[in-house]
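Within every chain, numbering begins at 1; the chains are lettered A, B, ... in the order of the sequence lines, protein sequences first and strands thereafter.
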Amino acid sequence: MNYWIFKTEPAECSIDDLLNAAEATIWEGVRNYQARNFLRAASFGDLVLIHHSSCAEVGITGVARITETAFADPSQFDPASPYFDSKVSLANPRWSAVKVKGIERFNRVLSLQELRQQAELHQMQLLRKGNRLSVMPITEDEYQLVYFLGKV
DNA sequence: GCCAACGTTGGC
DNA sequence: GCCAACGTTGGC
């Protein structure tokens, strides 16, 4: 079992969107090689902390689970998609997607400021200055602490 | 809206 | 393969 943090702009796909979706939600549009490689490393059942970015209340808002491991991201082939990549073909896809299901919403949003106050979380990539990765691994201990804080 | 940090592109 | 220029991300 692995643990991850996925960033999302809530205007696009919030924790509530994930929780309200009848089916699993496709996590598409990742266009960074390092983030893509992390997506490919995700296993069925892995737990995912959902982080809201570029919004009024930035922070970790809940938990989701990987329900389908990496497959070719369909949006890379779709000229109508903002994630379209003209350099790929069906025979030579470049980008991957996974599917996730929302599990639960935290009782409050865990801000970056609050997370930074936890000495045990200082190693988290999410908290590094200038961090831009949208898919990041997290240790089990870090996950457990964040989950605890979110449910207080 | 500012701007630091970072990834990508492309000329050489 | 170097590196400057450029575009994007994302917190604040």
Heavy atoms from C-beta onward define the side chain here; which of dA4(B), dC12(C), dG7(B) lies closest to that of Leu112(A)?
dC12(C)
To the nearest Å, how far apart are His52(A) NE2 and dG11(C) P?
12 Å
In whole angstroms, the gap separating P of dG7(B) from CZ of Arg128(A) amounts to 12 Å
Taking CZ from Phe38(A) and C1' from dG7(B), how many angstroms apart are they, rounded to a whole number?
15 Å
Any Lys7(A) side-chain nitrogen or oxygen under 4.0 Å from OP1 or OP2 of dT9(C):
no
Can you tell me the distance, in whole Å, between the CD atom of Gln125(A) and the C1' atom of dG10(C)?
16 Å
Whole-Å distance, Gln34(A) CD to dG7(B) P, equals 7 Å
What is the nucleic acid contact for Arg116(A), judged by heavy atoms within less than 4.0 Å: base, sugar-phosphate only, or nothing?
sugar-phosphate
Using the test ring-ring contact (aromatic ring centres under 6.0 Å, His included), find all partners of Phe44(A) that sit at least two apart in sequence or belong to another chain.
none
Return the value, rounded to whole Å, for the distance between atom CD of Glu114(A) and atom C1' of dC12(C).
18 Å
Just checking, is any N or O donor in the side chain of Glu142(A) or Tyr147(A) under 3.5 Å from an acceptor N or O on the other one?
no
Look at the side-chain N and O atoms of Lys87(A) and state whether any lies under 4.0 Å from the OP1 or OP2 oxygen of dT9(B).
yes
Shared hydrophobic cluster for Ile103(A) and Ile26(A) (ILVMFWY, side-chain gaps under 4.5 Å):
no
Leu127(A) atom CG is separated from dG10(C) atom C1', nearest whole Å, by 14 Å
Distance, rounded to the nearest Å, where Lys129(A) contributes NZ and dA5(B) contributes C1':
8 Å
Just to verify, what does Phe106(A) make a ring-ring contact (aromatic ring centres under 6.0 Å, His included) with, not counting sequence neighbours?
none
Using a 4.0 Å heavy-atom cut-off across all strands, classify His51(A) as base, sugar-phosphate, or nothing.
sugar-phosphate
